[in-house]
Protein chains: 2
Amino acid sequence: MKTLQSTTFKAIADDTRLRVVNLFVTSREPLCVCEIVDALRLPQYQVSKHLTILKNAGLIIVEKDGTWGYHYLNENNPLNKMLFTFLKKYLVGEVFDDDIKRLEMRLLLREEGRCVVGFVDEKDLLIKIKEKKQELLVKE
Amino acid sequence: MKTLQSTTFKAIADDTRLRVVNLFVTSREPLCVCEIVDALRLPQYQVSKHLTILKNAGLIIVEKDGTWGYHYLNENNPLNKMLFTFLKKYLVGEVFDDDIKRLEMRLLLREEGRCVVGFVDEKDLLIKIKEKKQELLVKE
DNA sequence: ATATTATATGCCTATAAGTGCATATATGCA
DNA sequence: TGCATATATGCACTTATAGGCATATAATAT
């Protein structure tokens, strides 16, 4: 006799997974693995595993688009909705804020709302963003 | 680098401890171990251990009164207050409701708001409550 | 087809966590 | 002082979990 609530809390009772969930509740964007990897600066296999755990706990949903996998919060469950609302306020702190900053940078590389690059080393990110701005200028 | 939030979630990521916390957020009463034992119908050593975990996580505070130990929610922390408010709405379900019913019965045995008996087997509880009512009638 | 890329997963190891039982501590009372 | 009672804790056992590494899968593009 396991409660749904304890299953959920087990899923988020881990710093890495809290950081992942924080990305979702703050950005409210479907995110793909590589974007999360870059935001958290963790190995891909770690992020992938933790996403699977969150998925199995019913907290997130995955939609595949080619090789890319877009993950987003599962708001179908009323308990989940309550949880996410709560977490948005509850997850405060330097770690979480820093992750969001990196995610926001990383999302600048999207094209028409879609992820178009894989992992981007943090030191290359600013350069890539500049290139993208150049491209946009040329198009105009 | 462990976040406060993950520590907290680890503490409540367990069915038994969620049930304990549910007693607190619902009753808003300081409770002693024997009352919790009777409400949850779990061995005393289990309840005691889980209370220690909740205490170490900073979620509850204990105040000793003789052999009795009154446990109550630690509302000193703003994050905790948010959490408890959330949990009060979030912890719904048969298990939690049943626990509350048994706790409410059990609390009828208090005298002037204090616990005065140890463990009471569920089948003796109704009898004891009746005895108490008799006593009160005699006093009047 | 083959190479590239995005993501998932199997195996290993170390550590943590929950349960049960017995027992310790500590306070109150006769 | 000695006994009953409320609560805490140490030990043994078992299971769960996270991290690291290598590799598998699967879709795209050349």
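Each chain gets a letter, A, B and so on, in the order the sequences are listed, and its residues count up from 1.
- Residues from residues 41-62 of chain A placing a heavy atom under 4.0 Å of any atom in DNA chain C, listed by number, are Gln44(A), Tyr45(A), Ser48(A), Lys49(A).
- No donor-acceptor pair closer than 3.5 Å links the side chain of Arg19(B) to the backbone N or O of Asp99(B).
- Among the heavy atoms of the strands, none lies under 4.0 Å from Val37(B).
- Straight-line distance from the NZ atom of Lys2(B) to the C1' atom of dT17(D): 12 Å, rounded to whole Å.
- Straight-line distance from the CZ atom of Phe119(B) to the C1' atom of dT7(D): 7 Å, rounded to whole Å.
- Remark: side-chain polar atoms of Tyr70(B) are paired, donor with acceptor, to backbone N or O of Cys115(B) under 3.5 angstrom.
- The salt bridge (charged side-chain N to carboxylate O under 4.0 Å, His left out) test with Glu122(B) singles out one residue from Lys101(B), Lys128(B), Arg41(B), and that residue is Arg41(B).
- A donor-acceptor pair under 3.5 Å is absent between the side-chain atoms of Ser48(B) and the main chain of Gln44(B), judged by distance alone.
- Rounded to whole Å, atom P of dG18(C) lies 15 Å from atom CZ of Arg19(B).
- Straight-line distance from the CZ atom of Arg110(A) to the C1' atom of dA6(C): 15 Å, rounded to whole Å.
- One atom, NZ of Lys10(A), and another, P of dA17(C), lie 11 Å apart when rounded to the nearest Å.
- Side-chain atoms of Arg17(B) never come within 3.5 Å of backbone atoms of Ile53(B) as a donor-acceptor pair (strictly under, hydrogens ignored).
- Mapping Cys34(A) and Asp14(B) onto DNA chain C by nearest heavy atom places Cys34(A) at the nucleotide closer to the 5' end.
- A donor-acceptor contact shorter than 3.5 Å is absent between the side chain of Arg106(B) and the backbone of Ala39(B).
- Counting to the nearest Å, the C1' atom of dA17(C) and the CD1 atom of Ile12(B) are 16 Å from each other.
- Put simply, NE2 on His71(A) is 7 Å from P on dT7(C), counting in whole angstrom units.
- Asn80(B) contributes a side-chain N or O that, together with a main-chain N or O of Gly58(B), makes up a donor-acceptor pair within less than 3.5 Å.
- Side-chain nitrogen and oxygen atoms of Thr67(B) include none within less than 4.0 Å of the OP1 or OP2 phosphate oxygen of dT25(C).
- dG19(D) atom C1' lies 14 Å from atom CG of Asp15(A), rounded to whole Å.
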